[in-house]
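Written out below as structure tokens is the structure these notes cover.
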Amino acid sequence: MTLATPPSDNAVHTGVLVLADGTVFRGRGIGATGDSVGEVCFNTSMTGYQEILTDPSYAGQIITFTFPHIGNTGANLEDIETITPAARGLILRADITDPSNWRATRHLDDWLKSYGLVGLTGVDTRRLTRRIRDLGAPNGVVAHAPDGKFDIEALVAKAKGWPGLEGMDLAKDVSCRQTYDWTEAGWTIGGGYATLDKPQYHVVAIDYGAKRNILRCLAAAGCKVTVVPSTATVEDVMRHQPDGVFLSNGPGDPAATGEYAVPTIKGLLDTGVPMFGICLGHQMLSLALGAKTTKMQQGHRGANHPVKDLASGRVEITSQNHGFVVMPETLPADAEVTHVSLFDGTNEGIRLKGKPVFSVQYHPEASPGPQDSHYLFDRFVQLIAEKKAA
């Protein structure tokens, strides 16, 4: 058993991260007490920790933040992507400081406790990140005990016993249970979130774990959004008579979610309705076209990922969060690769030749992250307009 961060003399370590290979990182516990098991990943974003922690795509994962100053702007009621966070826990380098931001309404530690999120600070996150980069994302358990007493052997066994994300369908756990309408649009200082009063088009969004800011971007582009569960059928979607269909982001193994999602997407492709997918939605669309996906070693998670648009040659700095990727060599001839990662050359987008259908692996809505790719929502609306005018 390895002590990755040996305790100093007379130190009381109230938190630990225990990996399935027996490696132990010791530090100070934050947030809720207890323990939580999941896949340990890392995120390189410098801002937006609250949006990251509430992104449903992090279901089943313990997030290591590579940026050291997490929590210094506190927490609020506006910067959330879902009501109940799906992440399993978090790992930080430095202690959470008192909030210093005019929008803060509470301390991050208090916010973590309110949602039952277990965290750990005082860890060498650079070492942990290198371990994930070189050896892949491990299963682990993050634990917080104020008395500093941990059954390390039991925690190792728990980490080993967790099945991992491969083959796991988590979309059903974070998807909505009932259909609902969404009209909330973009945020402004002093005005909060706007409301879409006069929509031009109607989009049905299939919720595999949709971030709120994606729905806001659709509304800001003039679309009333009807959100349906991940298990919706073609009939469930088309009874709303949508002008377009959106396939949302989400967590887990796309092949597992595809068991029920792919037949629906195949049926929707036959209707000719314009379609736009993001992240898991991109993977679901690719699977419906006959392509395959594979698990990445450490994934792409952060707000600084360069992506090249192959049509224009333009490079976009993007926000990303995915651990699986589409294998471009398995795409059919009528699917054109439109975007690639400049980090590792992996697929970042496709479009279907002859049909108003496209998708991207990254997150154009940002939240957090740059807004270089907001134009994709306008592209979707343009395809809807052209379809209606035809």
Stepwise side chain to side chain donor-acceptor pair (under 3.5 Å) test for Ser373 and Glu316: CA-CA 7 Å; Ser373 308; Glu316 306 164 25; 2.5 Å; yes
What verdict does the side chain to side chain contact (heavy atoms under 4.5 Å, CB included) test give for Arg88 and Trp162, after you've listed the backbone C-alpha separation in whole Å, the side-chain angles of each residue and the deciding distance to 0.1 Å? CA-CA 13 Å; Arg88 295 291 179 90; Trp162 195 66; 3.7 Å; yes
Show your reasoning for whether side chain to side chain contact (heavy atoms under 4.5 Å, CB included) applies to Ser286 and Leu331. CA-CA 7 Å; Ser286 298; Leu331 286 164; 4.2 Å; yes
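Within 6.0 Å of CD on Glu329 lie more than 12 heavy atoms contributed by other residues, nucleotides or ligands. In Lys353, the NZ atom is crowded: over 12 heavy atoms of neighbouring residues, nucleotides or ligands sit closer than 6.0 Å. Within a 6.0 Å radius of CE in Met46, no more than 12 heavy atoms belonging to other residues, nucleotides or ligands are found.
Here the two rings, on His322 and Phe324, have centers that are 6.0 Å apart or farther.
Pro146 places a side-chain heavy atom less than 4.5 Å from the side chain of Thr33.
The side-chain hydrogen bond (donor to acceptor under 3.5 Å, both in side chains) search around Ser341 returns Asp344, not counting sequence neighbours. Every residue meeting the side-chain hydrogen bond (donor to acceptor under 3.5 Å, both in side chains) condition with His202, not counting sequence neighbours, appears here in chain and number order: Thr226. Scored by the side-chain hydrogen bond (donor to acceptor under 3.5 Å, both in side chains) test, Ser248 finds no partners at all (sequence neighbours excluded).
Screening Gln361, Gln320, Lys308 for a side-chain hydrogen bond (donor to acceptor under 3.5 Å, both in side chains) involving Glu348 leaves a single residue, Gln320.
The stretch residues 105-133 participates, sequence neighbours left out, in these ring pair (Phe, Tyr, Trp, His ring centres under 6.0 Å) pairs: Trp111-Tyr115. Counting only residues at least two apart or in different chains, side chain to side chain donor-acceptor pair (under 3.5 Å) contacts with residues 56-66 comprise Glu39-Gln61, Asn43-Tyr58, Asp55-Ser57, Ser57-Asn249.
Here Lys266 contributes atom NZ and Met284 contributes atom CE; the two are 12.0 Å apart, rounded to the nearest 0.5 Å. For the atom pair NE2 (His144) and OG1 (Thr14), the distance works out to 4.5 Å, reported to the nearest 0.5 Å.
In this model, a donor atom of one side chain and an acceptor atom of the other lie less than 3.5 Å apart for Asn347 and His282. Side chains of Asp95 and Thr121: a donor on one and an acceptor on the other come within 3.5 Å. Side-chain atoms of Thr257 and Asp169 include a donor-acceptor pair closer than 3.5 Å.
Hydrophobic cluster membership for Tyr362: Tyr180, Trp182, Tyr201, Val203, Ile214, Leu215, Leu218, Val225, Val227, Phe246, Phe276, Ile278, Val307, Phe358, Val360, Tyr375, Leu376, Phe377, Phe380, Val381, Leu383, Ile384 (Ile, Leu, Val, Met, Phe, Trp, Tyr linked by side-chain heavy atoms under 4.5 Å, directly or transitively).
Here the side chain of Arg351 pairs no donor or acceptor atom with the backbone of Glu336 at under 3.5 angstrom.
Leu120 is not connected to Leu117 by any chain of hydrophobic side-chain contacts under 4.5 Å among Ile, Leu, Val, Met, Phe, Trp and Tyr, and they are in different clusters. Under a hydrophobic clustering in which Ile, Leu, Val, Met, Phe, Trp and Tyr are joined whenever their side-chain heavy atoms come within less than 4.5 Å, directly or via other members, Leu247 and Leu352 fall into the same cluster.
Below 30°, between 30° and 60°, or above 60°: for His300 and His305 the angle between ring planes is between 30° and 60°, a tilted geometry.
For Lys113 and Asp109, the salt-bridge test passes: some basic side-chain N is under 4.0 Å from an acidic carboxylate O.
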